[in-house]
Amino acid sequence: MRKLDESLLTHLPPFSELGREQIREILDRATPQRYDTGDTVFHEGEEAGRFFLLLDGYVRVVRMTAEGEHVTVLHIAAGQLFGIAAALGNERYPASAVAASDTIALGWPMRLWHDFTATYPGFAASGYKTVGNRMEEIHKRVVEMATQQVEQRVANALLRLITQMGRRTDAGIEVDFPITRQDLSEMTGTTLHTVSRLLSAWEKRGIVESKRKHIMVREPHQLVMLAEPAVSS
DNA sequence: CCATTAAGCGACA
DNA sequence: TGTCGCTTAATGG
């Protein structure tokens, strides 16, 4: 295997404050790995043996309920760390990580998390910031789930997707990985039928456009309107 | 307002 | 040809 190029990491937050030598050392201990769409990077409850940096593609973080239903907790985009259980003091992964598209990730043994945070300035801070940002996002969603109706929740989920993992096209902003109605329903705590009906209705109004596994938002502003809590009743 | 059940259709491998 | 993604209608909580 060819040596990894240092430029892979130099702009990324966890490494941006590090020198070339330090990045070299970190890269030399990394194991690159490909995952096909749908592949599981690690399973919920598994011993947390490695942490990862997503180099390319998208990963979704999924929890399983007692009844065996999937709940998508959040999505990870390229450049972000994931599986950093050690930063949370966990011995096991609290959720599963599934490749939402074909992806490439770097993996390190979890014990190196402690080495890295102790040795490299900025690495720990960046890791905790990542954790903090995700906590905040999850908290927002908890409030959403408790207070908003399904249409608002789905609109919000779609807005987050195009904001964080959208690809601009001439006709609008498209979710940059294959996504089904089932996926959206697992993000919003509803059924694929309800998502299907909502998307059909939005499509008739020209707000979105979708083919199988593709969703494009043509009128983000309209979606923002829909995402706001209903005024009455 | 929304979940569930059921039926049917086209895309895809 | 079988599976998957999607749509729609009907029903009921």
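Chain identifiers are assigned alphabetically (A, B, ...) following the order of the sequence lines, protein sequences preceding nucleic acid strands; residue numbering begins at 1 within each chain.
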(request) Return the value, rounded to whole Å, for the distance between atom NE2 of His193(A) and atom P of dC2(B). (result) 15 Å
(message) Tell me which residues in residues 60-71 of chain A lie within less than 4.0 Å of DNA chain B, going by non-hydrogen atoms.
(response) none
(message) Just the rounded figure in Å: distance from C1' of dT7(C) to CG of Leu192(A).
(response) 10 Å
(request) Check DNA chain C against residues 195-209 of chain A and give the residues with a non-hydrogen atom under 4.0 Å, in numerical order. (result) Ser196(A), Arg197(A), Ser200(A)
(request) List in chain and number order the residues that pass side-chain contact (heavy atoms from CB on, under 4.5 Å) with Thr194(A), two or more places apart in sequence or in another chain; answer none if no residue qualifies. (result) Val150(A), Thr190(A), Thr191(A), Arg197(A), Leu198(A)
(message) Going by the rule side chain to side chain donor-acceptor pair (under 3.5 Å), which residues pair with Arg168(A) if we only count those two or more places apart in sequence or in a different chain?
(response) none
(request) Please state how far atom CD in Gln152(A) lies from atom C1' in dC2(B), giving the value in whole angstrom units. (result) 13 Å
(request) Quick one: which residue pairs count as a ring pair (Phe, Tyr, Trp, His ring centres under 6.0 Å) with a foot in residues 178-222 of chain A, not counting sequence neighbours? (result) none
(message) Output the rounded distance in Å from CG (Asp36(A)) to C1' (dA13(B)).
(response) 16 Å
(request) Rounded to the nearest angstrom, tell me the gap between atom NE2 in His214(A) and atom P in dC12(B). (result) 9 Å
(message) I need the CZ-P distance between Arg181(A) and dT4(B), as an integer number of Å.
(response) 19 Å
(message) Using OP1 and OP2 only, check whether a side-chain N or O of Thr180(A) sits under 4.0 Å from dG5(C).
(response) no
(request) Report the residues that fulfil ring-ring contact (aromatic ring centres under 6.0 Å, His included) with Tyr93(A), sequence neighbours left out, ordered by chain and then residue number. (result) Phe42(A)
Return all side-chain donor-acceptor pairs below 3.5 angstrom for residues 106-114 of chain A, not counting sequence neighbours, or 'none' if the list is empty.
unit_1, atom_1, unit_2, atom_2, d
Trp108(A), NE1, Ile26(A), O, 2.9

(message) Please report the distance, rounded to the nearest Å, between CG in Leu226(A) and C1' in dC1(B).
(response) 16 Å
(request) Quick one: which residue pairs count as a side chain to side chain donor-acceptor pair (under 3.5 Å) with a foot in residues 42-51 of chain A, not counting sequence neighbours? (result) Thr31(A)-Arg50(A), His43(A)-Glu46(A)
(request) Using the ring pair (Phe, Tyr, Trp, His ring centres under 6.0 Å) rule, collect all pairs that involve residues 9-31 of chain A, keeping only residues at least two apart or in two chains. (result) Phe15(A)-Phe123(A)
(message) So, using side-chain contact (heavy atoms from CB on, under 4.5 Å) as the criterion, who are the partners of Asp39(A) when residues are at least two apart?
(response) Tyr35(A), Asp36(A)
(request) For the residue pair Arg60(A) and Ser96(A), confirm or rule out a side-chain donor-acceptor distance under 3.5 Å. (result) no
List the atom pairs, with distances to 0.1 Å, where a side-chain N or O of residues 71-88 of chain A and a protein N or O form a donor-acceptor pair under 3.5 Å, not counting sequence neighbours.
unit_1, atom_1, unit_2, atom_2, d
Gln80(A), OE1, Ala77(A), N, 3.2

(message) Closer than 4.0 angstrom, basic N to acidic O: yes or no for Glu137(A) and Arg141(A)?
(response) yes
Quick one: which protein N/O atoms are closer than 3.5 Å to N/O atoms of nucleotides 1-4 of chain C? Pair and distance per line, please.
unit_1, atom_1, unit_2, atom_2, d
dC4(C), O2, Arg212(A), NH2, 3.1

(request) Quick one: label Thr190(A) by what it contacts on the DNA or RNA (base, sugar-phosphate, nothing), any heavy atom closer than 4.0 Å. (result) sugar-phosphate
